[in-house]
Number of protein chains: 2
Amino acid sequence: MAEVSLAVSTVIFALRSSGRFGDDEGQRRLWLPLVRRIREPFDGRWALPGGPLGSDEGLAEAATSTLAKTTGLAPRYLEQLYAFGDPGRSGEDASRVVSVVYWALVGDDEAKAARVGQNVRWFPADELPPLAFDHQLVVEYALWRLRNKVEYSRIASAFLGAAFTLAQLREVYEAVLGRALDPANFRRQIEASGAVEDTGEVLTGVRHRPPRLYRYNSTVDLADQGPLGRLAQK
Amino acid sequence: MAEVSLAVSTVIFALRSSGRFGDDEGQRRLWLPLVRRIREPFDGRWALPGGPLGSDEGLAEAATSTLAKTTGLAPRYLEQLYAFGDPGRSGEDASRVVSVVYWALVGDDEAKAARVGQNVRWFPADELPPLAFDHQLVVEYALWRLRNKVEYSRIASAFLGAAFTLAQLREVYEAVLGRALDPANFRRQIEASGAVEDTGEVLTGVRHRPPRLYRYNSTVDLADQGPLGRLAQK
DNA sequence: TCAAAAGTGTTGCCGATACACCCATGG
DNA sequence: CCATGGGTGTATCGGCAACACTTTTGA
């Protein structure tokens, strides 16, 4: 009945060091992968990865498979962002498309191994090329959501491995929020939130006092941090 | 390409006094209109008003026209809630439907004049009948969003007329949040937020000190309180 | 023993809550 | 002049930011 086609796109965030030197050199920044369009409208422009919704796929499932196809990665966190569907957003007289957009976080280490190719490239989130469709707006909204959510949930964990120091966690916060945080107060906040627990181990090899290693409190599932999460307890 | 049809549904909230006596009698409660389904699946059950997306309609536009069709009202506030699209949510082997759900607020006075019929009825939000599809979950999520948003935005205005006393505004907050608020502190919070301005007039005819009448600060558009609102300033 | 980051203690400020108290009106 | 809600003043509490200070390692 409806003469509209439905697509699912995903804004994929990774936190990678931008240094040209060693692995841990340089500041961490947010990066995201874009795909180059190979047809009209917006032929040649960069766009968010996505595709039509398969008839047996769930929406989140479609976002995950898009993510796998373009980067070869599995998301550590995935959440629906918004459904965009105003007529005209695909360009002037293009056919009508409604996009359900998701945003995702992938791990730092995995992102290094991410596939790149002629038509897939990673860009720093604050230095994007001109984008197709209304994707500029979409990315800005996703960034806003990410920055907001970092402050009141524990999604920052998605950027880190199984064990981490509080300094590493703080670096994630600082990169996402774009400002420095007081180490002392950050420690207290995180400890008070109950989001992490002490592994009992320490990180050695650094040329100063060895920091403790923490892991995320497994009693809280990351998936439940999403919009419908708090209603899901049946 | 995609074998899925797209529909738009709306959770419509009004704040009406539940008293059987006069207009201002009794506690205010949240009410919402439901429509009775007249076909399978879920024939005979109550469901959220909605319909397929017209080929020239924007998503919000479709939500507004659904609202007009079922209640005869125009929304004072409208915001996208979520896109639901998992296979199986329409019942077992039903055809695949993705619903973009909006939520809306309508004014107290207008809601009194709202159309009702055999197949449209208003229910208190906390005494809903069994609903079709996953609409129970949808309504719960909408309620959660409403309660959250009342606390950090000025959408409560949507339930009131052009001029109102702070006591009336407080009643709205109390009904939505489900708890009593300190009048003194409520006054300070609202005044500090800059959301309202004094009209200079007072409400007479009450048998105590006449309360001042306020209006909402028109320099802030209600429509900009939505998710994309803060990005819309071009 | 020194530099550097981990980790702890302490203080002051600010916003929110609780609640005492005065104000203005209708009856 | 009294009951009733409008409206103002104020003390207290708790969280947070700022920052001084101690700890523990590698070099």
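By convention in this document, chain letters (A, B, ...) are assigned in the order of the sequence lines, proteins followed by strands, and residues within each chain are numbered from 1.
As a whole-Å value, the separation of A/N185 CG from C/dT11 C1' is 12 Å. Atom CZ in A/R207 sits about 6 Å away from atom C1' in C/dA4, given to the nearest Å. If you measure from atom CD of A/E191 to atom P of C/dG9, you get 11 Å, rounded to the nearest angstrom. For the pair A/R187 CZ and C/dA6 P, the interatomic distance rounds to 8 Å; values are reported in whole Å.
Atom CD of B/E201 sits in a sparse spot, with 12 or fewer heavy atoms from other residues, nucleotides or ligands closer than 6.0 Å.
Checked against a 6.0 Å centroid threshold, the rings of A/Y141 and A/W103 do not count as neighbours.
DNA chain C is contacted by no residue of residues 192-203 of chain B, taking any non-hydrogen atom closer than 4.0 Å. Contact check of residues 148-173 of chain B against DNA chain D (heavy atom, cut-off under 4.0 Å) returns B/A167, B/R170.
Closest to the side chain of B/D182, from the set C/dG7, C/dC19, C/dC23, is C/dC19.
Nucleotides of DNA chain D nearest to A/R209 and A/A184 differ in position, and the one nearer the 5' end is that of A/A184.
Defined by atom type and a distance below 3.5 Å, a donor-acceptor pair is missing between the side-chain atoms of A/E171 and A/Y173.
Looking at heavy atoms from C-beta onward, B/L32 lies in side-chain contact with B/V139 at the 4.5 angstrom threshold. Side-chain contact between A/L81 and A/R145: present, with at least one pair of heavy atoms (C-beta onward) separated by less than 4.5 Å. Residues A/Y77 and A/K149 form a side-chain contact, since some pair of their non-hydrogen atoms from C-beta on lies under 4.5 Å apart. Considering only heavy atoms from C-beta on, B/S193 stays 4.5 Å or farther from B/R154 through its side chain.
Between B/Q189 and the phosphate of C/dG15, there is no side-chain N or O to OP1/OP2 separation shorter than 4.0 Å.
Contact footprint of chain A on DNA chain D: nucleotides with an atom under 4.0 Å from a non-hydrogen protein atom, first to last in 5' to 3' order, D/dA17 to D/dG26.
Ring geometry for A/H135 versus A/F133: interplanar angle of 30 to 60°, hence tilted. Note: A/Y216 and A/F164 have tilted aromatic rings, judged against thresholds of 30 and 60 degrees for the angle between ring planes.
Between B/E174 and B/R179 there is no salt bridge, since no side-chain N of the basic residue sits under 4.0 Å from a carboxylate O of the acidic one. Under 4.0 Å is where a charged nitrogen must lie from a carboxylate oxygen, and between A/R147 and A/E151 no such pair does.
Scanning atom types as modelled, one donor and one acceptor separated by under 3.5 angstrom connect the side chain of A/R188 and the base of C/dG9.
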